[in-house]
Protein chains: 2
Amino acid sequence: MTVSRVVNGDPRVKASTRERVQQAIEELHYYPNAAARALNSKRTMTVGLILPKIDYVLSEPYFSQLIYQIEQAISPYNYDILVVSGLHQNGKDLTRLYKQKKVDGLIIVGSEINDQRLIAISDNRIPAVLIHGRSELPGLSFVDVDNYKIIEFFVNHLSSLGHRRLGFITGDLTVVNAYHRLQAYKKALKDRSLPLDKTLICTGNWSAGSGYDAFLHFYGLSELPTAVISSNDHMAIGFLKAANEHQIAIPQDISLVGIDDIEMAQFTVPTLTTMRQPMEALASQAVDFLMESIKSEASERFSSILEAELVLRNSCAPARSS
Amino acid sequence: MTVSRVVNGDPRVKASTRERVQQAIEELHYYPNAAARALNSKRTMTVGLILPKIDYVLSEPYFSQLIYQIEQAISPYNYDILVVSGLHQNGKDLTRLYKQKKVDGLIIVGSEINDQRLIAISDNRIPAVLIHGRSELPGLSFVDVDNYKIIEFFVNHLSSLGHRRLGFITGDLTVVNAYHRLQAYKKALKDRSLPLDKTLICTGNWSAGSGYDAFLHFYGLSELPTAVISSNDHMAIGFLKAANEHQIAIPQDISLVGIDDIEMAQFTVPTLTTMRQPMEALASQAVDFLMESIKSEASERFSSILEAELVLRNSCAPARSS
DNA sequence: CTGTTAGCGCTTTCAG
DNA sequence: CTGAAAGCGCTAACAG
C-alpha cells in the first residue's frame with residue numbers, strides 16, 4: 001500500500017496523495033499494527049526496563065523518578081517501556097523479553113556484583129545499558145555516578161570540620177554501587193591518613209529500617225562516631241529517627257550526610273546534607289546509548305560517569321573541640 | 001508445526017514427541033516470537049499501565065509500590081506491563097497503545113474528574129480498569145478505596161478526642177480521589193453537626209511542599225485549628241516540617257493525620273497516624289478485573305471498593321480543655 | 001510516483 | 001496424533 005509509505009514518511013509519494021491518505025488516517029483513527037510491523041521490520045519500538053531484584057527498591061521514590069525520567073527521555077524516539085522487576089521468575093532470564101522479540105533492548109538498573117544474568121545478555125548480543133552499574137562485558141554499556149568522588153568529598157568535608165571518627169553505613173553490598181561506596185570510604189580514610197575502625201562500618205541494605213538499626217549499632221559502641229556517612233538518604237532518615245529517640249542531637253552530637261537527594265531530605269529535621277544524583281542526565285544518557293546500540297548492529301560499548309551535585313543543608317556541624 | 005502445539009499445551013501430542021520437542025526448546029533456548037503470536041492470536045500478553053498526568057506523582061513512593069504490586073499480580077498470567085506516564089503527548093490519546101495492538105488492555109491510575117480520555121476508551125470498547133477512580137461509562141471497571149469511610153473515621157476519631165476546629169488539606173482537586181475526600185470531610189462535619197469553616201479548608205496538590213504551605217495558611221489564621229486531616233501522608237510530612245519550624249508542637253498543639261501509610265510515616269517525629277491503602281488488594285483486584293474483561297468479549301463492568309486500615313501512631317492527642 | 005508480490009513466525013483449519 | 005495450507009498486517013524489493 002501507498003499508506004505504508006505515508007506512515008513511514010517515504011518521500012516517494014505525491015503531495016496530494018499523501019494529503020488524502022493523511023486525512024483518511026485521521027478520520028479512521030488508524031494506527032499501524034505494531035505486531036505486524038515488528039514481525040518483519042525486526043523493530044518492536046519497545047525497550048525493557050529491568051528493576052533491581054531487591055524488593056524494597058520500589059518503596060524508594062528514587063526508582064519511580066528514574067522510570068519517569070527514562071520514559072521522558074525515550075518518548076521522542078517513539079519507544080515505549082516495558083517494566084519488569086528483577087525480583088520474580090522472569091527476572092531470572094533477562095534474555096526472555098528480547099528473545100521473544102518483545103523489546104529491542106534493555107535498560108538494567110542497579111545490577112549486582114558479578115551478575116550472572118549479564119553474561120547471557122552479552123553472549124546473546126542484546127543491546128543493553130546499565131544504570132548504576134559497571135561491566136567490562138562486550139556490548140554492555142553503562143552510565144553511572146562517580147561514587148568515589150561523592151564519598152571522597154564527604155570525607156574531606158567532614159574531616160575539615162574536625163571530625164575524625166567517621167561512621168559509614170553501607171547499602172546492600174551485593175549491589176555494585178554499595179560496594180563502590182564502601183571501597184571509596186576506605187580509600188578516602190587512607191588518603192587522609194585517618195584510622196580505619198571496622199566497628200564504624202555498619203552494613204545496611206538501603207532501607208530506612210536498616211539506617212535505624214545502624215544508629216543502634218553505633219549507639220552500642222563505647223564511643224560514638226562524631227559524623228556518619230550514609231550510603232543513601234533513606235537510611236539517613238532512619239538514622240535520624242533513631243538518634244532522635246535516643247536524645248542524640250543531629251548535627252550537634254553527630255553530623256550526618258546522605259546520598260540521592262530524595263524529596264524527603266528537605267523535610268527532615270534537621271534537613272539533610274546530601275548529594276543529588278544527576279537523574280535526568282543518567283536517564284537520557286542511558287537512553288541515548290541504548291538507541292545507539294540498537295541502531296548499529298556492531299556491539300559497541302558506551303559508558304559515562306557523571307558527577308553528583310552537593311546539596312548543603314543542616315545536618316552537619318563542626319566537631320566539638322575535645 | 002507440532003512445536004506450536006507443545007508450546008501451547010495442546011493435549012493432542014504424543015507424550016514422547018512432546019518430550020523431544022521440550023528438550024529441543026531447552027537446548028536451543030527457543031522462545032516463541034511474541035510479535036508473530038500477537039499478529040494472529042490477537043493477544044499481545046501485555047497491558048498498559050497509565051500513570052497520572054501530574055508530574056510529581058512519580059516522586060511519590062506510592063506509585064512505585066503500585067507498579068510493583070501490579071507487576072506481581074499480573075505475572076502469573078504471563079503478562080508484561082508497558083508503563084506510560086499520562087503526562088506527555090502519548091497520554092493524550094490513551095487509545096493509541098491499544099489500537100496499535102501493543103496491549104490487550106489498560107490499567108489507569110488516579111484518573112481525573114470528567115476525564116475525557118476515558119470516553120474514548122469506553123467508546124472503543126477497550127478493556128480497562130481504573131485504580132483510584134470511578135466511572136459509570138460502559139465497559140470501564142474500577143477499584144477504589146472507600147474515601148468516605150476514611151475521612152468519616154478521622155472526623156469521628158478527632159472529634160471524640162475533643163477537637164472541634166478540624167482543618168483539612170485537600171489533594172489536587174482535579175483528581176477524583178481528592179475531590180471525594182473533600183466531600184467526605186464536609187459531609188462528616190455536617191453529620192456530627194460541627195461548623196463548617198471555609199478558612200479551615202486548604203487546597204493542596206498532594207506534594208509535601210503544598211502541605212508545608214497549608215501549615216502557613218493555618219498559621220496565618222486568627223485561631224489555629226486544633227487538629228488537621230491531610231489528604232495524604234506526603235502533605236502531612238510537609239505540614240509537620242513547617243509546624244516544627246514555627247514551634248507548633250504536634251500533637252500537643254495540633255493533632256495531625258494522613259492517608260496512605262507511606263514508609264516515611266513511620267520515620268517522622270512524631271510518627272504519623274494514617275490509613276493504610278490496601279495496595280496489594282487494589283492491584284490484584286484490578287488485574288483480575290482486567291483479565292476478565294480481556295477474556296470475555298462482552299464489555300462487562302466490574303468494580304469494588306476496598307477498606308483502608310487504620311494505623312494508629314503518635315500524631316494525635318486529646319484537645320486541650322479550653 | 002504507485003501497485004504487486006512475497007514473506008516475517010506464528011496459529012488456526014483441514015487433511016492425512 | 002501429526003503435517004500442510006492459508007493468512008494475521010505490515011514492509012522490502014521489484015515492476016509498471
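The figures here come from the full heavy-atom set of this structure, side chains too, leaving out hydrogens, waters and symmetry mates. Each chain gets a letter, A, B and so on, in the order its sequence line appears, and its residues count up from 1.
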Using distance only, find each side-chain donor-acceptor pair of residues 288-296 of chain A under 3.5 Å and give its atom names and separation, not counting sequence neighbours.
from: A:D288; atom 1: OD1; to: A:Y77; atom 2: OH; distance (Å): 2.8
from: A:S293; atom 1: OG; to: A:F289; atom 2: O; distance (Å): 3.1
from: A:S296; atom 1: OG; to: A:E292; atom 2: O; distance (Å): 3.4
from: A:S296; atom 1: OG; to: A:A298; atom 2: O; distance (Å): 3.2
from: A:S296; atom 1: OG; to: A:E300; atom 2: OE2; distance (Å): 3.2

In whole angstrom, what separates [X]'s [atom1] from [N]'s [atom2]?
X      : N      : atom1 : atom2 : result
A:Q100 : C:dC8  : CD    : P     : 20 Å
B:R20  : D:dC1  : CZ    : C1'   : 13 Å
A:K101 : C:dC10 : NZ    : P     : 9 Å

Output all residues satisfying salt bridge (Lys or Arg N to Asp or Glu O under 4.0 Å) with [X], sequence neighbours left out; order by chain, then residue number.
X      : value
B:E19  : none
A:D146 : none
A:E307 : A:K149

If you fit an axis to the five pairs at each end of the helix from C:dC1-D:dG16 to C:dG16-D:dC1, how big is the angle between those two axes, to 10 degrees? 40°
Which pairs with one or both residues in residues 43-52 of chain B pass side chain to side chain donor-acceptor pair (under 3.5 Å), sequence neighbours excluded? A:K102-B:T46, B:T44-B:D104
Can you sort out the partners of A:N33 under side chain to side chain donor-acceptor pair (under 3.5 Å), two or more places apart, ordered by chain and number? none
Tell me every residue that passes side chain to side chain donor-acceptor pair (under 3.5 Å) with B:R20, counting only those two or more places apart in sequence or in another chain. none
So do the side chains of A:L140 and A:V129 get within less than 4.5 Å of each other, counting heavy atoms only? no
All N/O pairs under 3.5 Å across the protein-nucleotides 7-9 of chain D interface:
from: D:dG7; atom 1: N2; to: B:N40; atom 2: ND2; distance (Å): 2.9
from: D:dG9; atom 1: N2; to: A:A36; atom 2: O; distance (Å): 3.4

